[in-house]
Every structure is written in structure tokens, then in C-alpha cells.
Protein chains: 2
Amino acid sequence: MSKDQLRTYIQSFVVLSNEEMEQFLSSFEEVKVKKRQFIVQPNFINQYRTFVVKGAFRTYAVADNGQEHTLQFAIENWWVSDFNSYIYQHPATLFVVALEDSTILQLAFNKEQALKKANHKFETFFRIMAEKGLAFEHRRILFDLTHSAEARYENFLLNFPNFVQRVPQYALASYLGMTTEFLSRIRNKRTRKKS
Amino acid sequence: MSKDQLRTYIQSFVVLSNEEMEQFLSSFEEVKVKKRQFIVQPNFINQYRTFVVKGAFRTYAVADNGQEHTLQFAIENWWVSDFNSYIYQHPATLFVVALEDSTILQLAFNKEQALKKANHKFETFFRIMAEKGLAFEHRRILFDLTHSAEARYENFLLNFPNFVQRVPQYALASYLGMTTEFLSRIRNKRTRKKS
DNA sequence: ACTACATCAACCTTTTTTCTTGATCTGCTT
DNA sequence: AAGCAGATCAAGAAAAAAGGTTGATGTAGT
């Protein structure tokens with residue numbers, strides 16, 4: 001069952017009794033989405049916190065000039081949402097789209113509230129998720145601010161080698177803050193160097 | 001201006017003064033969508049009633065086994081929505097996707113409510129739209145129930161010759177309730193016969 | 001046994017998407 | 001002023017996806 005994966009994930013952060021775990025897991029719904037399908041769109045409220053069981057997603061914004069900016073990638077065992085929309089239950093500004101046929105587990109906002117009210121440990125779990133996320137973004141921003149395009153790419157390669165083969169290059173470029181052409185040149189330079 | 005088209009359309013059903021017409025039209029927003037873009041998706045509420053100014057759309061459901069069933073096509077001067085979702089403001093169960101780059105006019109649910117409250121004639125217009133739609137679907141269901149795949153195709157050809165060139169064949173097959181292979185054979189048989 | 005249609009698999013064609021490359025800018029730094 | 005990091009634009013090439021066709025085989029109802 002696909003919830004086993006989420007179970008294992010949760011167990012790595014908090015200790016729950018069997019009943020607690022079942023209560024927690026039963027609040028999630030399994031959903032399958034196809035490549036290119038959106039699970040969040042601007043103007044609609046992001047109703048679910050979603051855990052990726054299988055597949056890959058990309059979160060991005062479209063600027064007024066039409067440029068896309070990728071904020072996050074998510075593959076197996078990552079969470080993905082427009083968190084500003086989810087947490088405040090305001091209309092989303094981001095797109096979240098499947099990059100592959102995927103299976104996800106979704107937790108509705110009101111169910112999450114109920115869980116947190118019901119049991120302190122659940123609250124703890126979500127707190128840990130938020131802190132991890134915050135710390136991650138801080139690292140990212142700091143790194144990006146202080147490194148060249150090539151260094152940012154190398155760093156991504158090092159930290160997320162398994163993402164590289166699965167995300168389209170234009171998306172990676174827009175995540176790393178450069179044009180797709182420039183990323184293409186960087187890659188080309190590297191491979192020539194190596195061989 | 002693209003609202004001229006809607007104006008002409010409306011005039012063919014109700015008589016409105018200039019001010020009434022302007023009030024009515026000003027409730028619509030023009031939106032451009034690209035081919036393959038969704039304007040309605042399952043789980044999200046269908047917030048707009050949409051009028052096709054230019055382009056083509058397809059409304060379909062995906063069954064549990066993954067099969068797609070096309071409920072409606074819409075080209076210029078047709079309306080398209082997940083009406084169950086729009087009317088009841090419940091989450092949609094259907095997809096509505098652009099088959100071509102398109103221009104549409106969208107009326108938000110609450111604006112429609114305001115219009116209907118404001119003026120009896122507006123209410124009349126929407127009533128006529130609904131009745132036309134209902135009658136159309138009844139004709140369709142009855143015909144489909146009582147005719148063979150080939151007859152259904154011939155009938156579609158006869159009634160909507162301008163749709164045929166614009167909708168992909170797999171979509172038409174799923175609208176007519178047959179497999180894409182079978183439709184391919186029917187078409188093939190016909191053209192051989194003709195020449 | 002025949003008709004009407006489905007399923008599956010292979011294959012082809014066309015369209016779309018993604019990536020690459022060259023040429024030409026631009027705005028800093030040094 | 002030259003050099004570097006990186007953008008922009010245009011043209012192609014390569015890869016992937018979408019759409020369509022065909023043959024073989026199966027099935028349910030008359």
C-alpha cells in the first residue's frame with residue numbers, strides 16, 4: 001500500500017503508536033495524476049498538503065512578462081504545495097504541475113487542523129516539517145545569492161543528483177536563475193572537460 | 001471588439017436596451033488560452049460560465065479505469081463548462097481543455113447571480129440557454145441510444161460538419177461512444193466508398 | 001454463423017517540446 | 001577600454017508525444 005511509504009517517512013520524525021499512525025494516515029487520500037496535470041493553479045485555493053509517493057512535480061510562478069520562475073521540485077518523499085495558499089487558505093499564485101505520471105497522498109486543510117487539535121504529536125510533526133522547509137530555503141537563498149550560475153548548477157548536481165535526470169532542463173534553469181541557453185552551455189563545457 | 005460577437009449572439013435570443021446590453025457584457029472578462037490548457041479540472045470549482053469567441057474546447061470525464069468520455073465540444077458561439085460544478089458550485093468532476101489556441105469570455109458565478117437578480121430579462125436569457133442545452137442533450141441521448149456507431153458518426157458529420165475537421169479523432173470517438181480504432185475503420189470505409 | 005464492435009499490439013506520421021548553437025548585446029569589474 | 005558573466009534572439013536538430021492506421025483476434029447478441 002502506498003501509505004506505507006508515508007508511514008516510514010513519518011516514523012523517521014516522530015514516534016507514534018499504531019492507532020495514532022492509523023489515524024494520521026487515514027486522513028490522507030491517494031490520488032493519481034498524469035504528466036502535465038496541475039494540482040495547484042493561481043486563483044484557486046490550494047486545498048491540500050501533498051506528499052509525493054511516486055513521480056515528480058514542479059512549482060513555479062509566472063511573472064508579468066511571462067517568464068517562469070521555478071520555486072521547488074519534488075520527487076518521492078517530498079512535500080509539495082503553494083504553501084502561502086495552503087497555510088493561509090488564500091488563492092494560490094503558483095502553479096504546481098506533474099512532470100511525470102505520479103501518485104500522491106493529499107491531506108485536506110481542515111483534516112490537518114483536526115489532526116493538530118487532536119494530538120500534540122501530530123502538531124509536532126507538522127512543526128518539524130515546517131522547520132526543515134524553512135531551513136532548507138534559507139540555505140538555498142544564501143547559496144544562490146553568493147554563487148555564480150555555474151557554481152549553483154554544480155551545487156544542485158551535488159545535492160540532488162537524482163533530480164537532474166528527471167526535471168526538464170528549462171525548468172532547472174529557471175530554478176537556478178539563469179536562461180536555458182546558458183545552462184546548456186554550462187553543461188556542454190563540463191562534459192567536454194570531463195572526457 | 002470580441003464582445004461584439006457575444007452581443008450579436010445575445011440579441012438573437014432577447015431584446016435588450018443599449019444600457020442593459022452594456023451592463024450584461026461588462027460582467028464578462030475576456031481571456032486567452034493556449035491549446036491544451038485546462039479551464040476546468042476535477043476537484044476545483046468551476047467558477048465561470050464561458051462563451052467561446054474563438055477556438056475549440058472539449059469537455060470530458062476520466063473513468064476509474066482511465067477511459068476518457070467526451071461529453072461536449074464547443075467552438076465559436078458555444079458555451080462550455082462543467083455545468084454541474086458551475087451551477088451547484090461544487091468541485092468539478094470534468095476536464096475542460098482547449099483544443100486550439102482560443103479566446104473566451106468568462107462570467108463569474110457571483111456576477112451571474114447579480115445579473116439575474118438585477119433584471120428579469122437577464123434571467124430569461126439564462127433560462128433560454130438552459131432549455132436549449134437540455135433539449136440538445138435529450139436529442140443526443142435519444143439518437144445515440146437508438147443508432148449504430150456508423151450512424152452516430154454520419155449524424156455527427158451531418159449536424160456538425162464544422163466540428164469534424166477541428167476535433168481530434170480520438171476525442172470524437174470517445175464522444176460518439178466507440179473506440180478510436182473503430183472510428184478509423186468507419187472513416188476509411190466511407191472514403192473508399194466515395195471515391 | 002454473422003454482425004457490430006472491442007482489445008491489443010505494432011507501426012507510421014505529424015506535431016510539439018526540449019535542447020543546442022552561433023551571433024550579437026549589456027552591464028559590471030578591473 | 002577590455003574582459004567576463006550572463007541575457008537575448010534566431011535557427012536548427014533531436015527527442016518525445018500525440019494522433020492515426022492496420023491487422024489479428026476476441027466476444028456478445030441475433
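The figures here come from the full heavy-atom set of this structure, side chains too, leaving out hydrogens, waters and symmetry mates. Numbers restart at 1 for each chain; the letters A, B, ... are given by sequence-line order, proteins then strands.
Atom pair A:Glu150:CD and D:dA7:P shows a separation of 13 Å (rounding to whole Å applied). For the pair A:Glu100 CD and C:dT18 P, the interatomic distance rounds to 13 Å; values are reported in whole Å. If you take CG of A:Leu176 and C1' of D:dG6, they are 14 Å apart, rounded to a whole angstrom. One interatomic measurement links the two molecules: CD of B:Glu68 to P of D:dA18, which rounds to 11 Å at whole-angstrom precision. In this structure, the CZ atom of B:Arg187 is 14 Å from the P atom of D:dG19, given to the nearest Å. Summarising the geometry, the separation between CG on A:Leu99 and C1' on D:dA17 is reported as 15 Å, rounded to the nearest angstrom. The distance from atom CG of B:Leu183 to atom C1' of D:dG20 is 10 Å, rounded to the nearest whole Å. Rounded to an integer number of Å, the gap from A:Ile186 CD1 to D:dA5 C1' is 10 Å.
Listed nucleotides D:dT8, C:dT16, C:dC19 differ in distance to B:Lys35; the shortest reach to its side chain belongs to C:dT16. Of the candidates C:dT20, D:dG6, C:dC5, C:dT20 carries the atom nearest the A:Gln169 side chain, counting heavy atoms from C-beta on. Residue A:Glu181 places its side chain closer to C:dT20 than to any other of D:dG20, C:dT20, D:dG6.
When each of A:Gln67 and A:Arg36 is assigned the nucleotide of DNA chain D bearing its nearest heavy atom, the one mapping closer to the 5' terminus is A:Gln67. In terms of position along DNA chain D, the nucleotide closest to A:Ala149 lies nearer the 5' end than the nucleotide closest to the other residue of the pair A:Ala149 and B:Thr180.
Salt bridge annotation for B:Lys116-B:Glu112: present, with a cationic side-chain nitrogen under 4.0 angstrom from a carboxylate oxygen. Taking a cutoff of 4.0 Å between a charged side-chain nitrogen and a carboxylate oxygen, B:Lys121 and B:Glu20 qualify as a salt bridge. In summary, B:Lys3 and B:Glu22 do not engage in a salt bridge, as defined by a charged side-chain N under 4.0 Å from a carboxylate O. Between A:Lys132 and A:Glu137 there is no salt bridge, since no side-chain N of the basic residue sits under 4.0 Å from a carboxylate O of the acidic one.
For B:Thr179 and C:dA6, the shortest distance from a side-chain N or O to OP1 or OP2 is below 4.0 Å. When the side-chain nitrogen and oxygen atoms of A:Arg185 are compared with OP1 and OP2 of D:dC4, none of them lie within a distance under 4.0 Å. Phosphate proximity of D:dT21 to B:Asn188: absent, as no side-chain N or O sits under 4.0 Å from OP1 or OP2.
Ring centroids of A:Phe125 and A:Phe24 are separated by less than 6.0 Å, placing the two rings close together.
A:Tyr170 comes within contact range of the sugar-phosphate backbone alone, with a heavy-atom separation under 4.0 Å but no base atom that close.
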